[in-house]
Amino acid sequence: MTDLASLLSALLRPAFDAVEPGADPVVRVSDRVDYQANGALALAKRLGRPPRELADAIAATVDLEGLATIEVAGPGFLNLTLADDFIASSLAANYADDRLNVAEATERHRVALDYSAPNVAKEMHVGHMRGTVIGDSLARILRFYGHEVIVRNHVGDWGTNFGMLIEHLIDIGEDVAASELSVGDLDAFYKAAREKFEHDEAFAERSRRRVVALQGGDPETLRRWRVLVDESSRYFDRVYRLLDVGLKPEDVVGESSYNHLLDAVVEDLDHAGLLVESDGALCVFPEGFTNREGDPLPLIVRKRDGGYGYSASDLAALRDRIETLGCDRLYYVVGAPQTQHLEMVFAVARAAGWVPDGVDAKHVAFGNVLGPDHKILRSRDGETLKLVDLLLEAVERAKMALDARDAAYGPDERELLAETIGIGAVKYADLSTERMRDYVFDWERMLSLEGDTGPYLAYAHARIRSIFRRLGRDGPLPGARVSVADPHERTLALELLRFEESLGATLEWLAPHRLCGYLFGIAQTFTAFYENCPVLRAPDEATRESRLVLCDATANTLELGLSLLGIHAPDRM
RNA sequence: GCGCUCGUAGCUCAACGGACUAGAGCAUCUGAUUACGGAUCAGAAGGUUGGGGGUUCGAAUCCCUCCGAGCGCACCA
């Protein structure tokens with residue numbers, strides 16, 4: 001389907017072109033009319049003509065082909081009201097062709113989507129949840145649009161920490177370590193290693209030597225490193241399955257994967273004349289970045305000791321995504337504190353000529369999850385909150401909520417529903433807030449069946465499906481005509497037709513909360529419709545079938561929209 | 001100190017440079033409805049969009065400045 005705003009814009013364009021070639025009508029959804037074009041105001045300013053007069057002239061010459069009526073309002077707005085017949089027939093046609101909830105990109109991209117990025121031998125905590133959930137939703141939406149998405153789970157599997165982690169592995173024995181890691185007690189493992197590193201000088205010394213052995217490619221050291229990586233990956237995978245995200249083991253391409261490209265990064269930066277030695281380290285000083293003292297701030301590509309840091313692997317990964325994978329969109333779903341680092345990486349890559357025209361690299365930054373005290377969410381005892389613990393609690397709470405309801409579930413159904421609802425609630429709460437903002441985590445609110453929540457939307461969907469169960473059919477009769485005679489029908493139909501517009505905005509801003517807002521609006525509009533327009537007791541057969549189309553289209557939109565957020569909507573709950 | 005982000009109703013959040021009434025949800029209050037799954041509906045109350053300037057026909061949105069919060073600022077990643 002084509003979105004209505006684009007369609008109206010195309011109809012208005014000739015009239016705008018006649019005034020000034022290439023002028024943009026700027027058609028938008030308006031709260032007081034179906035759509036509003038305010039392009040005449042900007043155009044009038046540019047041409048120095050009275051806006052109202054210009055708007056009148058455009059309105060007089062425009063041909064809307066009977067699809068809408070136009071009216072000049074205020075200082076020069078062009079208010080567009082769609083014809084009821086047009087809304088009804090568009091909805092019916094799109095519904096019949098199964099094209100109501102379809103979106104098509106005009107140009108397709110190959111997108112490198114970097115998200116999740118947990119650290120090997122370290123627990124996943126709430127901070128990883130946001131990146132994982134947002135990234136997963138964006139992956140789904142991009143694919144839905146027809147873009148090719150190459151997911152890179154840039155796990156932290158390299159660096160000086162691994163000296164101490166491998167030594168600790170040796171100390172406690174691989175069998176013990178493997179069982180400790182596989183039950184998900186990564187924090188205990190990491191903390192024990194850290195503890196020894198800080199208080200046991202002999203251990204610290206062994207650790208430092210071990211780093212050298214690791215970076216030198218010593219086979220036995222690499223084998224032990226691999227044990228840590230593999231055990232952690234298995235653990236991550238379990239968390240991803242619980243979280244119901246599409247990340248797969250083959251998406252894991254960690255920092256270590258770029259080791260063989262790091263020398264070339266340094267050489268090429270040197271050839272480009274960007275490399276500067278400073279205090280023994282090899283640095284690039286991109287323009288516009290300064291430190292505390294106001295001096296130029298370096299991106300340290302190679303450390304004084306000759307080792308590479310994460311700047312080098314980030315640069316190598318960026319090149320790999322452009323040069324080897326052939327991506328023209330690079331999205332990094334990474335926390336807001338990394339903003340400066342990523343900007344510097346992008347700046348250096350551009351200066352080095354590694355980012356051709358038409359290639360866009362973006363930091364999709366996100367804020368923190370806060371506790372009731374408005375500080376970073378922690379467990380009750382003040383420790384970092386393990387992601388699994390949070391997810392399991394969500395499932396437990398959903399189970400209790402289900403038990404409190406007046407409905408009977410089989411034990412398997414109860415288990416499955418609790419997982420679907422609980423995890424969905426957490427994900428929706430996360431996705432429905434603008435991603436740059438910190439948000440306050442609140443169990444009560446996110447699991448509530450009232451308000452802007454995952455369970456509310458899932459329930460809205462299940463309730464509509466139940467209409468058809470009661471009817472004993474799967475859907476409306478084929479070829480049913482749609483009428484929007486009642487204002488509630490009209491509003492709902494129009495809202496349903498705006499699916500692609502909403503998805504377009506979601507992608508344009510890489511902001512899943514826009515899709516959330518749309519779906520919540522759909523659910524609310526539906527309730528108003530359902531309250532005022534009897535469906536099963538409709539006055540006549542034709543009205544009933546028309547309303548059934550609206551019901552089914554709403555349920556489909558909710559189900560699809562939620563699935564694009566990574567949330568499953570069960571048919572009954 | 002410099003930089004980035006945020007500051008909107010009691011609380012949690014929306015709002016793409018567009019309006020004459022800045023929207024939802026929760027909580028509060030008033031009515032209606034014994035309901036096609038009550039996640040009901042109608043309505044009320046609640047805001048000088050942190051303060052102050054500026055640009056504009058028009059600013060929560062853009063610019064400047066101040067205040068407050070969070071984060072980053074050379075060899076951890």
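These numbers were taken from a predicted model, which means no experiment stands behind them. Every heavy atom of this structure was used, including side-chain atoms; hydrogens, water molecules and symmetry mates were not. Here is how names work: the chains are called A, B, and so on, in the same order as the sequence lines, proteins then strands, and each is numbered from 1.
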Heavy atoms only, 4.0 Å cut-off, all strands: where does [X] land among base, sugar-phosphate and nothing?
{"X": "Asn38(A)", "answer": "base"}
{"X": "Ala460(A)", "answer": "base"}
{"X": "Leu41(A)", "answer": "base"}
{"X": "Met164(A)", "answer": "nothing"}
{"X": "Val26(A)", "answer": "nothing"}
{"X": "Asp314(A)", "answer": "nothing"}
{"X": "Tyr439(A)", "answer": "sugar-phosphate"}
{"X": "Val535(A)", "answer": "base"}
{"X": "Gln36(A)", "answer": "base"}
{"X": "Thr433(A)", "answer": "sugar-phosphate"}
{"X": "Arg469(A)", "answer": "base"}
{"X": "Cys533(A)", "answer": "base"}

Expressed in whole Å, how much space separates the [atom1] atoms belonging to [N] and [M]?
{"N": "C64(B)", "M": "G72(B)", "atom1": "C1'", "value": "24 Å"}
{"N": "G23(B)", "M": "C63(B)", "atom1": "C1'", "value": "26 Å"}
{"N": "A14(B)", "M": "G25(B)", "atom1": "P", "value": "15 Å"}
{"N": "G17(B)", "M": "C6(B)", "atom1": "P", "value": "13 Å"}
{"N": "G1(B)", "M": "A27(B)", "atom1": "P", "value": "44 Å"}
{"N": "U33(B)", "M": "U49(B)", "atom1": "P", "value": "40 Å"}
{"N": "U65(B)", "M": "U28(B)", "atom1": "C1'", "value": "39 Å"}
{"N": "A9(B)", "M": "A15(B)", "atom1": "P", "value": "15 Å"}

Can you tell me how far the [atom1] atom of [X] sits from the [atom2] atom of [Y], to the nearest 0.5 Å?
{"X": "Tyr308(A)", "Y": "Ser313(A)", "atom1": "OH", "atom2": "OG", "result": "11.5 Å"}
{"X": "Ile58(A)", "Y": "Phe16(A)", "atom1": "CD1", "atom2": "CZ", "result": "4.0 Å"}
{"X": "His488(A)", "Y": "Thr527(A)", "atom1": "NE2", "atom2": "OG1", "result": "10.0 Å"}
{"X": "Glu489(A)", "Y": "Asn532(A)", "atom1": "CD", "atom2": "CG", "result": "10.5 Å"}
{"X": "Ser502(A)", "Y": "Leu519(A)", "atom1": "OG", "atom2": "CG", "result": "6.5 Å"}

**OP:** Could you give me the CA-CA distance, side-chain angles and deciding distance for His513(A) and Tyr439(A), then say whether ring-ring contact (aromatic ring centres under 6.0 Å, His included) is met?
**Re:** CA-CA 12 Å; His513(A) 83 281; Tyr439(A) 76 93; over 10 Å; no

Original post:
How does each nucleotide of nucleotides 71-77 of chain B score, in 5' to 3' order, for protein heavy atoms under 4.0 Å: base (B), sugar-phosphate only (S), or none (-)?
Top reply: SSBBBSB

Subject >> Pairs satisfying salt bridge (charged side-chain N to carboxylate O under 4.0 Å, His left out), at least one member in residues 438-462 of chain A, at least two apart >> reply: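 Every salt bridge (charged side-chain N to carboxylate O under 4.0 Å, His left out) pair that includes a residue of residues 438-462 of chain A, provided the two are not neighbours, is Asp442(A)-Arg445(A).
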
Original post:
For the side chain of Arg514(A), counting heavy atoms from C-beta on, which of G37(B), A15(B), G25(B) is nearest?
Top reply: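 Per side-chain heavy atoms of Arg514(A), the pick is A15(B).
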
Separation of [X] atom [atom1] from [N] atom [atom2], in whole Å?
{"X": "His374(A)", "N": "G68(B)", "atom1": "NE2", "atom2": "P", "value": "19 Å"}
{"X": "Leu370(A)", "N": "A69(B)", "atom1": "CG", "atom2": "P", "value": "15 Å"}
{"X": "Met436(A)", "N": "C13(B)", "atom1": "CE", "atom2": "P", "value": "15 Å"}
{"X": "Leu515(A)", "N": "A14(B)", "atom1": "CG", "atom2": "C1'", "value": "15 Å"}
{"X": "Arg52(A)", "N": "A19(B)", "atom1": "CZ", "atom2": "P", "value": "16 Å"}
{"X": "Glu444(A)", "N": "A27(B)", "atom1": "CD", "atom2": "P", "value": "11 Å"}
{"X": "Tyr428(A)", "N": "G25(B)", "atom1": "OH", "atom2": "P", "value": "13 Å"}
{"X": "Phe346(A)", "N": "G3(B)", "atom1": "CZ", "atom2": "P", "value": "21 Å"}

**OP:** Look at the aromatic rings of Tyr530(A) and Phe526(A) and report parallel, tilted or perpendicular, splitting at 30° and 60°.
**Re:**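 Rings of Tyr530(A) and Phe526(A): parallel, under 30°.
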
Subject >> Mutual orientation of the aromatic rings belonging to Phe197(A) and Phe203(A) [parallel < 30°, tilted 30-60°, perpendicular > 60°] >> reply: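 Aromatic pair Phe197(A)/Phe203(A) classed perpendicular.
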
**OP:** Using heavy atoms to find the nearest nucleotide of RNA chain B for Asp438(A) and Thr527(A) separately, return the residue whose nucleotide is more 5′.
**Re:**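 Its nearest nucleotide lies further toward 5', so the answer is Asp438(A).
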
Original post:
Taking the nucleotide of RNA chain B with the closest heavy atom to each, which residue, Ala462(A) or Phe520(A), is nearer the 5' end?
Top reply: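 Nearest-nucleotide comparison on RNA chain B picks Phe520(A).
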
Hey, does the side chain of [X] come within less than 4.0 Å of [N]'s phosphate (OP1/OP2), counting only N and O?
{"X": "His513(A)", "N": "A15(B)", "value": "yes"}
{"X": "Arg445(A)", "N": "C11(B)", "value": "no"}
{"X": "Gln524(A)", "N": "A24(B)", "value": "no"}
{"X": "Arg437(A)", "N": "G7(B)", "value": "yes"}
{"X": "Arg470(A)", "N": "G37(B)", "value": "yes"}

Original post:
In this structure, which one of Glu195(A), Lys196(A), Arg194(A) forms a side chain to side chain donor-acceptor pair (under 3.5 Å) with His168(A)?
Top reply: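 Only one of Glu195(A), Lys196(A), Arg194(A) forms a side chain to side chain donor-acceptor pair (under 3.5 Å) with His168(A), namely Lys196(A).
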
Original post:
Does Lys362(A) make a cation-pi contact with Tyr331(A) (under 6.0 Å, within 45 degrees of the axis)?
Top reply: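 That pair does not qualify as a cation-pi contact.
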
Subject >> Step-by-step side-chain hydrogen bond (donor to acceptor under 3.5 Å, both in side chains) determination, Thr543(A) to Asp540(A) >> reply: CA-CA 6 Å; Thr543(A) 306; Asp540(A) 56 75; 2.8 Å; yes

**OP:** Establish whether the base of G25(B) is bridged to the side chain of Tyr456(A) by a donor-acceptor pair shorter than 3.5 Å.
**Re:**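 Under the 3.5 Å cut-off, the side chain and the base do not form any donor-acceptor pair.
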
Original post:
Do other residues, nucleotides or ligands put more than 12 heavy atoms under 6.0 Å from the CZ atom of Arg572(A)?
Top reply: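 Not more than 12 within 6.0 Å, no.
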
Subject >> Dot-bracket encoding of pairs in RNA chain B, which uses [ ] for pseudoknotted crossings and | for another strand, Watson-Crick or G-U under 3.5 angstrom >> reply: (((((((..((((....[....)))).(((((.......))))).....(((((..]....))))))))))))....

